[in-house]
A.B. asks: 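The following block contains the structure, expressed as structure tokens.
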Amino acid sequence: MTLPDGSVLEVPAGSTAAQVAERIGRRLAQAAVAARVGGELVDLSTPVDQATTVELITLDSPEGIQILRHSCAHVLAQAVLRRYPQAKLAIGPTIEDGFYYDIDFGQPFSQEEFSALEEEMRKVIQEDLPIHREVHPRQEMIRFFQERRQPYKVEILQEITDPTVSIYRQGEFVDLCRGPHLPSTGRIKAFALLSVAGAYWRGDEKRPMLTRIYGTAFPTAAELQEHLRRVEEARHRDHRRLGRELGLFAVSDEVGQGLPLWLPKGAAIRRTLERYIVDLELRAGYEHVYTPPLARTELYKISGHWDHYRENMYPPMKVDDEELVLRPMNCPHHIMVYKQAQHSYKELPVRIAELGLMHRYERSGVLTGLARVRGMTLNDAHIFCRPDQIKDEFLRVVRLIQQVYQDLGFHDYVYTLSLRDPADTHKFVDNPLMWETAERVVREALDELGVTYRTDVGGAAFYGPKLDVDVKSVAGKYETISTVQVDFYLPERFQLEYIGADNQPHRPVMIHRGVISTMERMTAFLIELYGGAFPAWLAPVQAVVLPVADRHQTWAQQVLARLQAEDLRAEVDGRDEKLNRKIRDAEVQKVPFMLVIGDREVENGQVAVRQRGKGDIGSIPAATFVERLARLVRSRRLDLDLDRV
RNA sequence: GCUGGCGUGGCUCAGUGGUAGAGCAGCGCACUCGUAAUGCGCAGGUCGUGGGUUCGACUCCCACCGCCAGCUCCA
């Protein structure tokens with residue numbers, strides 16, 4: 001057989017992966033947890049003598065760690081059954097950074113029971129039970145799990161079509177599983193149970209809610225500790241925490257859930273973003289409008305939202321003879337803007353943009369700080385174009401997105417093209433020709449851009465295919481920030497027209513697009529991305545002037561005035577506190593620049609510049625600093641290096 | 001909405017079936033200070049809300065509201 005390094009190894013007939021490892025070396029044999037044979041992961045106990053290639057998997061590889069965690073999930077299940085023999089096991093997969101097991105305890109289960117459970121798991125690990133794979137006829141296993149009163153396992157088995165299935169046995173514990181697994185439970189060195197939460201069986205709200213226990217495992221205790229430390233550190237970047245600590249936004253019970261208040265400093269960030277994106281869009285040929293956040297219910301009946309989206313809308317209110325609703329999106333208003341005039345084919349595309357205030361009723365459990373709210377302002381636009389312009393407009397939007405991401409410092413993002421599920425005529429507008437055309441044009445545009453994308457069948461909007469751009473957050477999750485949607489449907493609903501070269505009316509196509517998402521979500525994202533330490537152009541306070549003593553106040557105020565004259569956001573910390581204290585507070589508030597002013601600076605018309613996170617970088621004339629900071633801000637550089645501007 | 005947890009001054013958190021505590025923040029006074037917290041003092045809470053149990057509830061029970069983790073949902 002061939003090894004990964006290209007060498008060839010002869011082994012006796014019937015040799016297992018473990019024996020191959022032994023032949024290669026004792027250290028490897030001890031470290032190996034599984035093997036990859038012909039591209040497939042298998043247990044060490046698998047005979048591999050017929051294989052052409054064998055690669056041994058250790059805990060140094062991502063696959064090895066996954067196997068470790070998967071086996072740890074089994075140990076958890078085993079411990080659960082020892083302590084709760086009546087528990088019904090559902091599924092126990094690995095996830096990024098850990099694993100979970102869904103279990104029906106038939107009674108409330110709380111996190112307080114973790115320590116006892118962990119104790120039992122440690123026993124299972126100490127027993128060092130060998131883990132065996134067995135393959136049996138599926139029907140036999142259905143009976144087997146019926147006898148063991150494991151209905152969820154039976155249900156899974158009933159949906160499997162293979163004639164045989166594999167199970168894994170460790171001591172008295174048996175689980176239905178594809179594997180592979182560690183050779184024995186004793187190989188688990190470091191694990192922890194983390195949290196407990198409810199999860200619907202099969203992810204279906206209408207099915208029973210199970211108890212999901214989350215845990216994780218690492219090759220060594222040190223790595224586990226390191227992971228727990230990282231999780232703790234991530235908590236400090238949480239935008240809700242930073243939002244309070246830095247005075248950016250607040251949510252108040254009196255105002256209502258999901259209805260955040262933008263405090264002055266958060267508003268400064270938002271205003272900066274708004275001015276930035278509006279200017280950029282104006283340059284890109286968009287026309288910005290203002291339309292009201294309310295409309296007659298009728299408008300949404302025409303658009304179809306009333307039928308398809310009502311559960312996410314606030315209920316209507318009756319005023320005089322009108323019935324009004326808070327708008328959940330801006331498209332109908334923008335359509336009405338388009339309809340205010342006749343349009344010639346020569347003036348298309350018409351790009352109507354707005355920072356549109358919308359309200360959506362979101363279920364209470366999903367509300368999260370600024371990231372998920374009920375009242376939000378979307379960086380929205382609707383492009384009305386001819387069918388032959390779709391591809392070009394689509395390209396222009398994606399390029400705009402790419403530029404914005406560069407300015408905001410987003411480097412890690414993925415494109416997802418969401419298509420309809422042709423079988424689901426309930427969710428998606430039933431018009432196959434329309435869908436096929438839209439999907440083809442979008443694919444062509446993406447190919448032309450040369451971007452790689454994944455596809456999500458069934459993820460489209462009800463009116464057309466969409467491209468989502470998901471940006472990797474600090475937490476490692478990808479969050480949808482931008483979206484581009486082709487829509488052949490609303491123009492039909494609203495009877496939109498343009499006059500073609502043939503002097504006949506034609507139907508335009510709409511492209512819905514959001515580049516920087518809602519102001520709320522984007523701000524939340526940026527807070528976490530930068531951990532509150534914003535680049536200068538976004539920082540709510542760009543410089544704080546720190547007079548050393550009272551006699552320096554006058555010059556401090558003059559420096560402030562010069563900063564403000566250049567539209568820089570600055571403050572004077574005139575409190576009766578020592579310099580050290582003012583510096584500490586400014587650092588904690590993550591202000592990019594601190595300008596210390598004492599006798600020397602007053603005398604020379606200078607400021608002693610201290611850069612956030614770096615310290616004293618020397619004194620320069622106040623005018624020089626103002627000019628450099630203004631340039632830095634204008635350049636939208638992501639670093640604070642004043643010498644490079 | 002569902003499961004579990006949590007709710008004590010602006011913030012972070014102690015605490016207990018028998019008259020509510022600390023630190024930070026705030027206010028006052030003193031210090032006038034050179035690169036990450038000056039000192040002293042003062043004030044501030046119907047212990048989320050509403051019921052119930054009890055001689056007595058912040059503590060125990062119930063309901064509701066909100067927050068957190070996750071699920072579900074997400075045009």
Side-chain angles (χ1 to χ4, degrees), chain A residues 95 100 102 104-105 107-114 194-214 231 235 238 240-241 244-245 247 250-254 256-258 300 303-305 308-309 311-313 328-331 358 360-369 372 378 380 418 427-429 459-466 468 480 483 485 487 489-490 512 514 546-553 576-589 594-601 608-619:
Chain A
I95 51 175
Y100 66 77
D102 282 349
D104 187 346
F105 283 92
Q107 62 186 46
F109 179 87
S110 99
Q111 202 162 336
E112 282 160 29
E113 291 151 76
F114 271 7
L194 299 176
S195 63
V196 55
Y200 299 107
W201 169 231
R202 294 270 154 110
D204 184 343
E205 256 184 301
K206 294 176 189 70
R207 317 240 6 211
M209 179 160 273
L210 312 173
T211 301
R212 175 170 296 179
I213 298 177
Y214 285 89
V231 169
R235 268 177 19 112
D238 187 308
R240 290 163 294 190
R241 183 191 180 106
R244 185 174 50 243
E245 289 173 354
V251 275
S252 125
D253 281 3
E254 287 78 3
Q257 310 183 58
Y300 296 97
S303 70
H305 291 107
H308 290 268
Y309 199 61
E311 66 276 18
N312 278 296
M313 293 170 69
M329 46 197 72
N330 308 310
C331 7
M358 330 180 293
R360 296 180 183 178
Y361 170 75
E362 302 277 3
R363 308 217 281 185
S364 63
V366 308
L367 301 173
T368 307
R372 196 75 186 271
L378 184 66
D380 205 2
S418 294
K427 179 176 176 189
F428 301 105
V429 172
F462 82 82
Y463 47 62
K466 67 172 177 178
D468 285 333
T480 302
T483 179
Q485 308 175 358
D487 180 4
Y489 175 75
L490 283 179
H512 308 241
L546 308 179
V548 173
D550 283 349
R551 64 178 176 278
H552 310 122
Q553 293 274 10
D576 183 14
E577 291 288 353
K578 295 195 191 275
L579 180 63
N580 276 336
R581 173 55 178 274
K582 296 181 186 181
I583 286 173
R584 182 190 145 77
D585 287 348
E587 288 280 357
V588 167
Q589 288 293 306
M594 286 144 263
L595 308 178
V596 175
I597 288 182
D599 291 337
R600 292 194 294 275
E601 286 70 30
V609 183
R610 183 189 164 96
Q611 185 182 316
R612 177 184 67 204
K614 187 171 176 187
D616 192 352
I617 57 172
S619 291

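Numbered from 1 within each chain, the chains take letters A, B, ... in sequence-line order.
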A.B. asks: Give me the distance, rounded to whole Å, that separates B/rC40 from B/rC64 when you measure between the C1' atoms they each carry.
C.D. replies: 46 Å
A.B. asks: When all nucleic acid strands are considered with a 4.0 Å heavy-atom cut-off, which category describes A/N580: base, sugar-phosphate, or nothing?
C.D. replies: sugar-phosphate
A.B. asks: Nearest heavy atom decides the nucleotide; on that basis, is A/E577 or A/T211 closer to the 5' end of RNA chain B?
C.D. replies: A/T211
A.B. asks: How far does the P atom of B/rG39 sit from the matching atom of B/rG23, given to the nearest Å?
C.D. replies: 12 Å
A.B. asks: When the distance from CG of A/D599 to C1' of B/rU32 is rounded to whole Å, what number comes out?
C.D. replies: 10 Å
A.B. asks: Please report the distance separating the C1' of B/rC55 from the corresponding atom of B/rC62, rounded so that it comes out in whole Å.
C.D. replies: 22 Å
A.B. asks: With the side chain of A/V588 defined as its heavy atoms from C-beta on, choose the nearest nucleotide among B/rA75, B/rG1, B/rA36.
C.D. replies: B/rA36
A.B. asks: Would a 4.5 Å heavy-atom cut-off, applied to side chains only, mark A/R360 and A/M313 as touching?
C.D. replies: no
A.B. asks: Roughly how many Å apart are B/rC58 and B/rG17, using the C1' atom of each and rounding to a whole number?
C.D. replies: 10 Å
A.B. asks: If the cut-off is 4.0 Å, is A/R581 near the phosphate of B/rU38, judged by side-chain N/O to OP1 or OP2?
C.D. replies: yes
A.B. asks: Across all strands, who's sitting opposite B/rU19 as a Watson-Crick or G-U wobble pair, both distances under 3.5 Å?
C.D. replies: none
A.B. asks: May I ask you to say whether A/R240 pairs ionically with A/D238, meaning some side-chain N is under 4.0 Å from a carboxylate O?
C.D. replies: yes
A.B. asks: Does B/rA30 have a Watson-Crick or wobble partner in any strand here, with both distances under 3.5 angstrom, and which is it?
C.D. replies: B/rU38
A.B. asks: Could you tell me whether A/K582 contacts a base, only the sugar-phosphate backbone, or nothing, with contacts defined as non-hydrogen atoms closer than 4.0 Å?
C.D. replies: nothing
A.B. asks: Roughly, in whole Å, what's the span from CH2 in A/W201 to C1' in B/rU72?
C.D. replies: 16 Å
A.B. asks: Which heavy atom of A/A460 sits nearest a heavy atom of A/P465, and at what distance?
C.D. replies: CB-CA, 4.1 Å
A.B. asks: Taking the side chain as every heavy atom from C-beta outward, state whether A/R610 and A/I617 have any atom pair closer than 4.5 Å.
C.D. replies: no
A.B. asks: Give the rounded distance in Å between these two atoms: OH of A/Y300 and P of B/rA75.
C.D. replies: 17 Å
A.B. asks: Can you find a donor-acceptor pair, distance only, under 3.5 Å between A/R360 side chain and B/rA75 base?
C.D. replies: no
A.B. asks: Which residue lies toward the 5' end of RNA chain B, A/Y361 or A/E587, if each is placed at its nearest nucleotide?
C.D. replies: A/Y361
A.B. asks: Determine which nucleotide pairs with B/rG9, using a 3.5 Å limit on both distances of a Watson-Crick or G-U wobble pair.
C.D. replies: none
A.B. asks: Look at all strands and tell whether A/A608 reaches a base, only sugar-phosphate, or nothing, counting heavy atoms closer than 4.0 Å.
C.D. replies: base
A.B. asks: For the atom pair CG (A/D204) and CE (A/M209), what is the distance rounded to the nearest 0.5 Å?
C.D. replies: 11.0 Å
A.B. asks: State whether the distance check finds a donor on one side and an acceptor on the other, under 3.5 Å, for side chain A/E601 versus base B/rG34.
C.D. replies: yes
A.B. asks: Using the P atom on both, measure B/rU46 against B/rU59 and round to a whole Å.
C.D. replies: 15 Å
A.B. asks: Under a 3.5 Å cut-off for both distances, is B/rC71 Watson-Crick or wobble paired, and to whom?
C.D. replies: B/rG1
A.B. asks: Quick one: look up who B/rU46 pairs with, Watson-Crick or G-U, both distances under 3.5 Å, and put none if it's unpaired.
C.D. replies: none
A.B. asks: Please determine if a side-chain N or O atom of A/N312 lies less than 4.0 Å away from the OP1 or OP2 oxygen of B/rC74.
C.D. replies: no
A.B. asks: Per the atom types in the model, does the base of B/rU32 pair as donor or acceptor with the side chain of A/D550 at under 3.5 Å?
C.D. replies: yes
A.B. asks: Once you apply a heavy-atom cut-off of 4.0 Å, does A/R600 come out as touching a base, just sugar-phosphate, or nothing?
C.D. replies: base
A.B. asks: When you compare B/rA37 with B/rA25, how far apart are their C1' atoms, in angstrom units rounded to a whole number?
C.D. replies: 12 Å
A.B. asks: If we take the P atom in both B/rU12 and B/rC73, what is their distance in whole Å?
C.D. replies: 33 Å
A.B. asks: For the pair made of CG in A/D585 and P in B/rU35, what is the distance, rounded to whole Å?
C.D. replies: 16 Å
A.B. asks: Can you check whether A/K466 reaches A/H512 side chain to side chain, under 4.5 Å on heavy atoms?
C.D. replies: no
A.B. asks: Can you find a pair of side-chain heavy atoms, one from A/L546 and one from A/H552, that are under 4.5 Å apart?
C.D. replies: no
A.B. asks: Would a 4.5 Å heavy-atom cut-off, applied to side chains only, mark A/Y309 and A/S303 as touching?
C.D. replies: no
A.B. asks: For B/rA57, which nucleotide is its Watson-Crick or G-U wobble mate, given both distances must be under 3.5 Å?
C.D. replies: none
A.B. asks: What about A/R372: does its side chain form a donor-acceptor pair under 3.5 Å with the base of B/rC74?
C.D. replies: yes
A.B. asks: Rounding to an integer number of Å, can you tell me how far A/L546 CG sits from B/rA36 C1'?
C.D. replies: 11 Å
A.B. asks: Taking any strand in view, what nucleotide pairs with B/rA25 in a Watson-Crick or G-U wobble way, both distances under 3.5 Å?
C.D. replies: none
A.B. asks: Tell me the interatomic distance from A/E245, atom CD, to B/rU12, atom P, rounded to whole angstroms.
C.D. replies: 9 Å
A.B. asks: Roughly how many Å is it from CZ in A/R241 to C1' in B/rC24, rounded to a whole number?
C.D. replies: 14 Å
A.B. asks: Is there a side-chain contact between A/L595 and A/V609 in this structure, where contact means two heavy atoms from C-beta onward sitting under 4.5 Å apart?
C.D. replies: yes
A.B. asks: May I have the distance from A/L210 (atom CG) to B/rG4 (atom C1'), rounded to whole angstrom?
C.D. replies: 13 Å
A.B. asks: Can you find a heavy atom in the side chain of A/P547 that is under 4.5 Å from one in the side chain of A/K582?
C.D. replies: yes
A.B. asks: Taking only N/O atoms, report every protein-nucleotides 67-70 of chain B pair under 3.5 Å with atom names and distance.
C.D. replies:
residue : atom : partner : partner atom : Å
B/rC67  : OP2  : A/Q257  : OE1          : 3.1
B/rC68  : OP1  : A/R240  : NH1          : 3.0
B/rA69  : OP1  : A/R240  : NH2          : 2.6
B/rA69  : OP2  : A/R240  : NH1          : 3.2
B/rG70  : O3'  : A/Y214  : OH           : 3.1
B/rG70  : O2'  : A/Y214  : OH           : 3.2
B/rG70  : N2   : A/G198  : O            : 3.4

A.B. asks: What about A/H305, does its side chain sit under 3.5 Å from the base of B/rA75 through a donor-acceptor pair?
C.D. replies: yes
A.B. asks: If we take the C1' atom in both B/rA20 and B/rG9, what is their distance in whole Å?
C.D. replies: 11 Å
